[in-house]
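Position 1 is the first residue of the sequence, and the numbers go up from there.
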Amino acid sequence: MPATDVVIAGAGPNGLMLACELRLAGVRPIVLERLTERSGEPRANGLVGQVVPLLHRRGLYEPLTGQSAPAPTPRYIFGAFPLDLSQLPVNPLYLLPIQQYELEKALEERALSLGVEIRRGHEVAGFTQGESVQVTIEGPQGPYTVDAQFLVGADGGRSTVRKLAGIDFPGVTWDKVLSYTVDVSVPDDLVDPASGGLRVDGVGTVAPFQHFRTETGLFVWAPFPNAPRRIAVSERSEAGFPDDVAPTLDEVRTSIRRVLGVDVPIDAPPGPGPHQLRRVTGGNTRIAERFRDGRVLLVGDAAHVHSAIGGPGLNLGLQDAANLAWKLAAEVRGWAPAGLLDTYDAERQPISRRVVMHTQAQGVLTGPGPEITALRELFGELLGYQDVRQHLADLLSGADLRYGDDPHPLVGRWAPDLASEAVAQAYRAARPVLVDLTADGSVVAAAEPWRDRVDAVATTEDLDATALLIRPDGYVAWASSEAQPDTADLEKALQSWFGAPVTTVAG
């Protein structure tokens, strides 16, 4: 028997989320992180999409925000266009503004409270796999080996695990984009008290948290509450900077002048920080050839990298983790039906390609040049149609995600919100749940042979369904709208997703 169930390389949000999900499922993960302490470097600024209700279902939303439940945002952006979502029949787009280091802190605290072992200053140096995977780890006291059932690379775009597994990372690299992200102070009289926008002489008021495009680049003003104000600026540039040469505020001032055509008086923010002053030259759009190689799997940036425009990265990566965790747990605990773990790659690859598609499209729409201006004029006309805005909201949130092609309209979709406290408890525990909505609650009994891994709840809800089988990652595995659902069909779905039923030998 291997010494541990799963080794996770990387203690970023995706690795920590995976560790929490595995531990809830009764699996013992070890998380390795090469950094000796949690990074305070500002990176992602928040979460966008279905991952927000996912965190709510795990009981994490309220501790992170102080609010009881998320609400859809009435406004967002796409390709530097303001996106008005306030009149949509169904608005699926949720936001959770939070700095990445705060999210990592919360996930690490949750992981530790669940008994996850996190080894800082340790990183994967090699592995071999057969009946298990033997992971060679470089630690503070030298190399050592851990025998595990599975190894997961959550170690970023330059993933060591992916490289050691020999998994190709095809895609494109561009080197003519220069971007800066910097925490700043600006004179208070430049901040519009009503809108929070930034007043720029000769330009007007730049709305907060919107992409302001010019013929030469892109500018963003982001006055985060309870945090330093932030500016991002990007432009096409042939300039190259050695990786070991730190950016300066003067570089940022010069870039802003080229993009806006005027100077913006910025200075370093007060206080000790950490404050962001980051330069990125070029970028990558890549998707791993496969997300699984035997007992080795990839999540998050180790599996896919793309432009950060629109903020889809953590929505994609954290849902990778939720999708993989319960399937991996099923393998470790011995009840996984044949082929279940392969559905991780089959389900998440297409979603990754879709995110790459829309981030590349937004990159074109925000680019410089008169031909892009003409394209934007046409695209702006299209945004006048509600169906177009609905389509973009579904795309950005991931609400258009559907696993499989079952004829029932709810199957493969994110499960609708339910009022039942018993369902909420099952969600918090990351367990599958059968929801019986029939008049007599008779469907519950069908799940009894799976009682060790599936919760069954009878409740009353106003839905176009009489029964739902919901996976631990929040998506519907089976549904019926018949007054008396076909329990034989339900049992087939239970076995297909959650393995063989429990058998009891009479004494």
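Atoms CG and CD1, on Leu468 and Ile470 in that order, are 5.0 Å from each other to the nearest 0.5 Å. Annotation: the span from Leu494 atom CG to Leu434 atom CG amounts to 6.5 Å, rounded to 0.5 Å. Note that the OG1 atom of Thr466 and the CD atom of Glu461 stand 13.5 Å from one another [nearest 0.5 Å]. Atoms OG and CD, on Ser496 and Glu491 in that order, are 13.5 Å from each other to the nearest 0.5 Å. Atoms CH2 and CG, from Trp450 and Leu490 in turn, are 7.5 Å apart once rounded to the nearest 0.5 Å. Note that the OH atom of Tyr94 and the CG atom of Leu54 stand 12.5 Å from one another [nearest 0.5 Å].
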Given Asp417 and Arg57, is the salt bridge (Lys or Arg N to Asp or Glu O under 4.0 Å) satisfied, shown in steps?
CA-CA 10 Å; Asp417 290 333; Arg57 289 181 178 183; 3.2 Å; yes
I would like to know whether Arg292 and Asp345 meet salt bridge (Lys or Arg N to Asp or Glu O under 4.0 Å); could you show each step before the answer?
CA-CA 7 Å; Arg292 180 187 180 191; Asp345 183 277; over 6 Å; no
Run Val7 and Phe150 through side chain to side chain contact (heavy atoms under 4.5 Å, CB included) and show every step you take.
CA-CA 6 Å; Val7 170; Phe150 293 96; over 6 Å; no
Verdict with supporting geometry, Tyr475 and Gln319, side chain to side chain donor-acceptor pair (under 3.5 Å):
CA-CA 11 Å; Tyr475 289 85; Gln319 288 202 78; 2.7 Å; yes
Salt bridge (Lys or Arg N to Asp or Glu O under 4.0 Å) between Arg354 and Asp400, worked out:
CA-CA 10 Å; Arg354 195 151 177 78; Asp400 63 344; 2.7 Å; yes
I'd like to know whether Val305 forms a side chain to side chain contact (heavy atoms under 4.5 Å, CB included) with Asn284, so could you lay out the CA-CA distance, the side-chain angles of the two residues, the decisive distance to 0.1 Å, and finally the verdict.
CA-CA 7 Å; Val305 295; Asn284 289 281; 4.0 Å; yes
Worked check of side chain to side chain contact (heavy atoms under 4.5 Å, CB included) between Thr128 and Val133:
CA-CA 6 Å; Thr128 58; Val133 56; over 6 Å; no
Given the rule in the side chain to side chain donor-acceptor pair (under 3.5 Å) test, do Ser132 and Gln134 qualify, once you have shown the distances and angles that lead to the verdict?
CA-CA 7 Å; Ser132 62; Gln134 295 78 45; 2.6 Å; yes
Kindly indicate, with the supporting measurements, whether the criterion side chain to side chain contact (heavy atoms under 4.5 Å, CB included) is fulfilled by Leu16 and Ile118.
CA-CA 9 Å; Leu16 291 169; Ile118 301 174; 3.9 Å; yes
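Residues Val146 and Ile137 are in side-chain contact: their nearest non-hydrogen atoms beyond the backbone lie under 4.5 Å apart. Side-chain contact check for Leu83 versus Arg389: some heavy-atom pair is nearer than 4.5 Å. Inter-residue side-chain proximity for Val6 and Thr4 is flagged as unmet; no heavy-atom pair is nearer than 4.5 Å. Between Leu32 and Glu123, the closest side-chain pair of non-hydrogen atoms is not below 4.5 Å. Contact of the Asn315 side chain with the Gln50 side chain is registered, since non-hydrogen atoms from C-beta on lie closer than 4.5 Å. No side-chain heavy atom of Thr136 sits under 4.5 Å from any side-chain heavy atom of Val124. In this structure the side chain of His304 reaches within 4.5 angstrom of the side chain of Phe291, judged on heavy atoms. Looking at Leu112 and Glu117, their side chains never come closer than 4.5 Å, going by heavy atoms from C-beta outward.
Gln386 and Gln390 form no side-chain donor-acceptor contact under 3.5 Å, judged by distance and modelled atom types alone. Inspection of the Gln129 and Asp293 side chains reveals an N or O donor paired with an N or O acceptor under 3.5 Å. Side-chain contact of Ser481 with His408: a donor-acceptor pair under 3.5 Å is present, judged by distance alone. Side-chain contact, Arg34 with Thr160: no donor N or O sits under 3.5 Å from an acceptor N or O.
With sequence neighbours left out, the side chain to side chain contact (heavy atoms under 4.5 Å, CB included) criterion links Ser307 to Ile309, Thr359.
Under a 4.0 Å N-O distance rule, the pair Glu421/Arg428 qualifies as a salt bridge. Using a 4.0 Å cut-off between charged side-chain N and carboxylate O, Asp455 and Arg431 make a salt bridge. For the pair Glu108 and Arg120, the salt-bridge criterion is met [side-chain N within less than 4.0 Å of a carboxylate O]. Looking at Glu21 and Arg58, a side-chain N of the basic residue comes within less than 4.0 Å of a carboxylate O on the acidic one, giving a salt bridge.
Of the possible donor and acceptor atoms, none in the side chain of Arg286 sits under 3.5 Å from a partner among the backbone N and O of Ala303. In terms of modelled atom types and a separation under 3.5 Å, the side chain of Ser420 and the main chain of Val423 share a donor-acceptor contact. The backbone N or O of Tyr101 sits nowhere less than 3.5 Å from a side-chain atom of Gln99 that would complete a donor-acceptor pair.
Taking every heavy atom of both residues into account, Thr438 and Pro485 meet most closely at CG2-CD, 3.6 Å. Considering all non-hydrogen atoms of both residues, Ala429 and Leu24 come closest at O-CB, 3.7 Å. Counting all heavy atoms, side chain and backbone alike, Val443 lies closest to Ala467 at CG1-CB, 4.4 Å. The heavy-atom pair separating Leu107 from Pro13 by the smallest distance is CD1-O, 3.6 Å. Closest approach of Ala321 to Leu18, counting heavy atoms only: O-CD1, 3.6 Å.
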Check: residues 66-76 side-chain donor-acceptor pairs under 3.5 Å, at least two apart:
from, atom 1, to, atom 2, distance (Å)
Gln67, OE1, Tyr61, OH, 3.2
Thr73, OG1, Arg75, O, 3.0
Tyr76, OH, Gly310, O, 2.6

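Screening residues 319-334 for salt bridge (charged side-chain N to carboxylate O under 4.0 Å, His left out), with sequence neighbours left out, gives Asp320-Arg348, Lys327-Glu347.
Here Tyr403 and Trp414 keep their ring centres 6.0 angstrom or further from each other. You'll find the ring centres of His122 and Tyr144 inside the 6.0 Å limit.
Stacking of Arg162 on the aromatic ring of Phe169 is recorded, both the 6.0 Å distance cut-off and the 45° axial limit being met. The side-chain tip of Arg453 does not point at the ring of Phe498 from less than 6.0 angstrom away and within 45° of straight on.
Applying side chain to side chain contact (heavy atoms under 4.5 Å, CB included) to Ile8 and the options Val116, Asn14, Leu22 leaves one that passes, Leu22. Only one option out of Asp155, Leu318, Asn323, Leu324 pairs with Val299 in a side chain to side chain contact (heavy atoms under 4.5 Å, CB included); it is Leu324.
Atom CG of Asp440 has more than 12 heavy atoms from other residues, nucleotides or ligands within 6.0 Å.
By the 30° and 60° cut-offs, the orientation of the rings of Trp326 relative to Trp497 is tilted.
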